[in-house]
Amino acid sequence: MPRGFLTLSDIAPERWPGLWDRASLLKRERVQRTLAGKSVALVFEKASTRTRVSFEVGVFELGGHAVVISNQGSQLGRGEPLADTARVLSGYCHAIMFRTFGQERVAELAKFASVPVINGLSDQHHPCQVATDLFTVREQLGRTDGLVYAWVGDGNNMATSWIEAAGMFGLELRLACPDGFAPDPALVTQARERGGRISLTRDPREAVAGAHVISTDVWASMGQEAEAARRRVAFAGYCVDTALVQLAAPEAIVLHCLPAHRGEEITADVLDGPRSRAWVQAENRLHVGKAILEHVLESA
Ligand code: CP
Ligand code: NVA
């Protein structure tokens, strides 16, 4: 079975500095031909702007060809099994990027594909985004270690990938989540055992005090739209606003994977203000996505 990228730890910690260096080079010299003659299927069962466009443009800039399909408009939407889809796409394409609901769907596709599969977001993980966020931290602050990382909000797919990152790289990660929205304790235990210095609190101020990197995300993720109103109540007090950011380290940066809801998880003045790196972070999805594509195709 080819090695894919289903969760962040599918690429070993020692490989990441080289991969991020490659992403920096690809940021400077965007057009390369490392995917010449190769096609990549981009399969979406959920909406996307950044993942869709950065992978499609990225494959083009590497000299390959991207084929975008969604649930609607493909036979997936009419119930063709993932296993059959995986086998068929593997006959045409050299890699498959998949955005879906449960992580078990990513695993199922990867099980039956004979080409590498990249997780472009599931309900449980968003590894391409957190790989990009760490690249952005390295680019903006010059290092990823010796920093305090704060997560404010939902213990969702982004939080899970951050927890995995904390375990892999021995990061200090403080998560502030409301009651009932904390991440899976088993994941936290596992990451702690690997060396992650992870603390959980209900108080965003405690998480952010002295932090160098503050990350947040929407209160209702894709697939949770029906819970949005209830979540707005539960997450009151978990908005990343100027008063909260003032508690962080003087050089602190604010990340948001986007899309954002200004006035909910983050205020407009923070997202559009001087501490925010959300826009370069979004651009970096392109460069890091290309380095991930090259990596999985090299090891295929
Ligand atoms: N951050 C991110 O994955 O954005 P999209 O949902 O637009 O792809
Ligand atoms: N947690 C969000 C991330 C979007 C990029 C979601 O899953 O909708």
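In listed order, ligands and their atoms are each counted from 1. Numbers here simply count residues along the sequence, with the first being 1. As a basis for the values below, the full set of heavy atoms in this structure was taken, side chains included, without hydrogen atoms, waters or symmetry mates.
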May I ask you to test the Ile214-Val245 pair for a side-chain heavy-atom distance under 4.5 Å? yes
If you measure every N or O of Leu258 against every N or O of ligand 1, does any of those distances drop under 3.5 Å? yes
Which ligand 1 atoms does Cys257 reach within 4.0 Å, using its non-hydrogen atoms? 1 (N)
Test of ring centre spacing under 6.0 Å for Phe181 and Trp151: no
Backbone or side-chain N or O of Ser48 under 3.5 Å from ligand 1 N or O: yes
Please identify which atoms of ligand 1 are closer than 4.0 Å to at least one heavy atom of Thr49. 5 (P), 7 (O), 8 (O)
Which atoms from ligand 2 have a heavy atom of Leu258 less than 4.0 Å away? 5 (C)
Quick one: which of His126, Met158, Met222, His256 has a heavy atom closest to atom 3 (O) of ligand 1? His126
Under 3.5 Å between any N/O of Arg99 and any N/O of ligand 2: does that happen in this structure? no
Within ligand 2, which atoms have a heavy atom of Met222 less than 4.0 Å away? 6 (C), 7 (O), 8 (O)
Under a 4.0 angstrom heavy-atom cut-off, which atoms of ligand 2 come close to Leu121? 3 (C), 4 (C), 5 (C), 7 (O)
Are Arg78 and Glu80 within salt-bridge range, i.e. N to O under 4.0 Å? no
Which residue supplies the protein heavy atom nearest to atom 6 (O) of ligand 1, what is that atom called, and how far is it? Arg99 NH1, 2.8 Å
Contacting atoms of ligand 2, where contact means under 4.0 angstrom from a heavy atom of Asn156: 1 (N)
For Arg285, the ligand 1 atoms with a heavy-atom partner under 4.0 Å come out as 1 (N), 2 (C), 3 (O)
Note the single closest protein heavy atom to atom 4 (O) of ligand 1, along with its residue, its atom name and the distance in Å. Arg50 NE, 2.8 Å
Could you tell me the separation between the CD1 atom of Ile118 and the CG atom of Leu109, rounded to the nearest 0.5 Å? 11.5 Å
Side chain or backbone, does Leu121 bring an N or O within less than 3.5 Å of an N or O on ligand 1? no
So Phe235 and Trp219, would you call those rings parallel, tilted or perpendicular, with 30° and 60° as cut-offs? parallel
Do Arg105 and Thr100 have side-chain N/O donor and acceptor atoms under 3.5 Å apart? yes
Regarding Asp10 and Arg15, does a basic nitrogen lie under 4.0 Å from an acidic carboxylate oxygen? no
Give the residue and atom name of whichever protein heavy atom lies nearest to atom 3 (C) of ligand 2, and the separation in Å to one decimal. Asp217 OD2, 3.6 Å
State whether Arg277 and Glu139 are salt-bridged, where the test is any N-O pair (Lys NZ or Arg NE/NH1/NH2 against Asp/Glu carboxylate O) under 4.0 Å. no
So which heavy atom in the protein is nearest atom 7 (O) of ligand 2, and how far is it from that ligand atom? Asn157 ND2, 2.8 Å
If we only count N/O pairs under 3.5 Å, is His126 in contact with ligand 2? no
Does any non-hydrogen side-chain atom of Arg99 lie less than 4.5 Å from one of Leu42? no
Among Leu134, Ile163, Val137, which residue meets the side-chain contact (heavy atoms from CB on, under 4.5 Å) test with Leu171? Leu134
side-chain contact (heavy atoms from CB on, under 4.5 Å) partner of Thr34, the single match among Glu298, Glu61, Lys290, Glu294: Glu294
Could you say whether the N/O atoms of Lys46 and ligand 2 ever approach to under 3.5 Å? no
